[in-house]
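Before any comments, here is the structure.
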Amino acid sequence: MSDERKELTEKIRWLLLLRVVILSFFLGATFLFHFFGTSGDLAYFFGLSVPLIIAYVISIGSGLLLTRIHNLRPFAYFQVCFDVVLITGIIWITGDFASPFAFLYNLAVINGAILLFYRGAFLTAGCSSLCYVAVLVWSRYANPGNGFVLSWATLIPNVLSVGSFFVIAWLSGFLTNKLSETEKLLKEKQVDYQELDAFKDALLQGIGSGVAITDHDGRINYFNRQAQVLTSLDEGAVKGKRLDQIFPGLSYDFQRNRSAGSVITDEIALSASHASQKKLRLTLAPLSNASELPIGFVAIFDDITKQKQIEEKVLLEEELRRAREVELTHNASGGENSDFHFEGVIGKSSGIEKIYQLIRKVSSSNTNILISGESGTGKELVARAIHLNGTRENKPFVAVNCGAIPETLIESELFGHVRGAFTGAVSDHTGLFKQADQGTIFLDEVGELPLHLQVKLLRVLQEKSFTPVGGSKPIKVDVRVISATNRDLRKELEEGRFREDLFYRLNVVQMVMPPLRNRKEDIPTLAHYFLRKFAVSHDKKVEEISSGGLMRLMNYSYPGNVRELENILEHAVAVTNKNILTEDDLPQQVKGVPITEDADVFEKTAPGGPELFFGKGLSLDTELETHEKCILLGALKRANGVQKKAAAILGINYRPLRHRLEKYDLLNQKGVSVIEQPGDQQ
């Protein structure tokens, strides 16, 4: 009962406050429209204002007596009835039937519903109807000269107004009743929430996942027992620290990502400086108070190390199964229309799919093609695929490694020579371009060609003819030229080592071979292909690769690309004595070098200590580049900027040194003096 009394007291207080506001409005209106409108007639002003002031005093007095009244329900009925009387007086003062304030009865009906629900609403509606009708009757018979005539035109609007009182009474009673029920339900829920809050600590401590709660800056203020077990850290040791200090792999901006829907799930590695190496799945979400203001973050994390190991093993087994299915499909169809085996080019990654599409598009044309990519990516295989799928497939395919032929002999090899052209030329020699007539010539490592031969090659491309060494009669040829390089020819252009006109002649269509480290999804298919190939050539019954061995192959970086993978598989097949390749059969560089005493030395000399160094979130390439750059600068300083002396100090040749200086832009860097001795560019 005390709660009901408190609730009714608050409602009556709000009603009185609303009444005071309305009365204040009418007092102001009385002053403005009547005092100035009657040229300062104070008697008329006081005649209008006194009833309003009396109602004003009664309202204030009711507010003062509210806390002293024991039975508030009759008092509430009194206030509702007083509102009806007050509104009737306002209507009578402001023009009887012509008053614009009849709508205030609806406000009184709503107040009655708020205070006393359906009863109060319909009681107020009935009182309002009687009072309003009384005002209309009084206006008709007591003041016949006011212009009010009883007719359908005047009766219907007033009947509708009276009817609206009861409609609003029903609607407001219904709404207030629903609001009351909702409020009671919310109070019951609040009790439930309080009971749930009592179990919060026990729940968070007993939950199987690690839980951390932070403030809005990400600093930890709660760390449950499971979190301490997962990280091997006590709650006291982590309190006050930021969450990303405990989990360095967490990439989350605690200042920007505070919106209510900004929930992230990430997989991070737990730093080995805190505990054994683990893989965690961490879900992080911001916390807000009732005003939607950010107050902190909650992080829930689970150990998924074993789960990830199982998933990786299942994935590898699936990749092996697909690789076997691909080979069976290829063998069954005679090697035609295979999705993953196109004239020796094997793979299913997006990069290789683009190469397949380009091969199909350009193979039937005679367009010159430039294939770029690292060594071992299969540039010659692509060139052969273009040739064998084109109109010249039955004509010669001549492959030339421009970097493997001595500079003094390369012109003779490419274009041939006549007898007596030079010492030792005892007979005519047909050049490789002539041998490739009507077919395709593949110029591998075309960037190695000397400048004077680049001029002659350009003439062959333009005029379709050449003159042998020592000869005088040009020879016509019809040759498709496919070239390849592992250099950046545009950079060679800038440095004057490759002709621009030749570059654009060769680079009509460019194909870029992706390195194997960027297409690791192709490794299972490639590995299975090479396994079957070398099992046949070595006459061994090696049928598949174990998941552990495939995992080693997937984790290797392959600086030699597909060619290195092929050599690795040939080595493994040659040394194994089982029908399944395991990681024990792989070369040492694939299995990884075991930890030696050098690791202990670095642990002692790591900048800032091993925990800080490894805990800050490393990029090995960045660390190595920074270290190499510091060594180069130190050598240049000791050589007084002379490049050849710096190269001698570092135990390398001049050209590798210059390449590294260009890589880090140290030749033109402000504050670094680099001197080239005479003859350095030669």
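Basis for what follows: all heavy atoms, side chains included, without hydrogens, waters or symmetry-related copies. None of these values were measured; they are calculated from a predicted model.
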> Is a donor on one side and an acceptor on the other found under 3.5 Å between the side chain of Asp428 and the backbone of Val418?
Replying inline: no
> Do the side chain of Lys456 and the main chain of Thr467 share a donor and acceptor less than 3.5 angstrom apart?
Replying inline: yes
> Taking side chain as C-beta onward, heavy atoms only, is Arg660 less than 4.5 Å from Lys629?
Replying inline: no
> Does some side-chain heavy atom of Val382 sit less than 4.5 Å from a side-chain heavy atom of Leu358?
Replying inline: no
> Looking at side-chain heavy atoms only, is the closest gap between Leu586 and Tyr556 below 4.5 Å?
Replying inline: no
> Only one of Glu374, Glu445, Glu492 clears salt bridge (charged side-chain N to carboxylate O under 4.0 Å, His left out) with Arg487; which?
Replying inline: Glu492
> What distance do Lys379 atom NZ and Ile371 atom CD1 have between them, rounded to the nearest 0.5 Å?
Replying inline: 8.5 Å
> Atom CG in Leu414, atom CZ in Phe466: separation rounded to 0.5 Å?
Replying inline: 9.5 Å
>> Do Glu564 and Val590 have side chains that approach each other closer than 4.5 Å (heavy atoms only, starting at C-beta)?
In response: no
>> Can a side-chain donor-acceptor contact be found between Ser363 and Asn389 if the only test is distance below 3.5 angstrom?
In response: no
> With distance as the sole test, does Arg392 use its side chain to make a donor-acceptor pair with the main-chain N or O of Gln438 at under 3.5 Å?
Replying inline: yes
> What is the distance from atom OG1 of Thr377 to atom CG of Asn486, rounded to the nearest 0.5 Å?
Replying inline: 8.5 Å
> Do Phe433 and Leu457 touch side chain to side chain, with heavy atoms closer than 4.5 Å?
Replying inline: yes
>> If you define the side chain from C-beta out and look only at heavy atoms, does anything of Phe530 sit under 4.5 Å from Glu566?
In response: yes
> Tell me, do Leu458 and Gln454 make a side-chain contact under 4.5 Å, heavy atoms counted?
Replying inline: no
>> Just to verify, what does Lys354 make a salt bridge (Lys or Arg N to Asp or Glu O under 4.0 Å) with, not counting sequence neighbours?
In response: none
> Quick one: side-chain contact (heavy atoms from CB on, under 4.5 Å) partners of Glu495, sequence neighbours excluded?
Replying inline: Lys491, Arg497, Glu662
> Glu500: what forms a side-chain contact (heavy atoms from CB on, under 4.5 Å) with it, not counting sequence neighbours?
Replying inline: Leu493, Tyr504
> Between Arg490 and Glu494, is the closest basic N to carboxylate O distance under 4.0 Å?
Replying inline: no
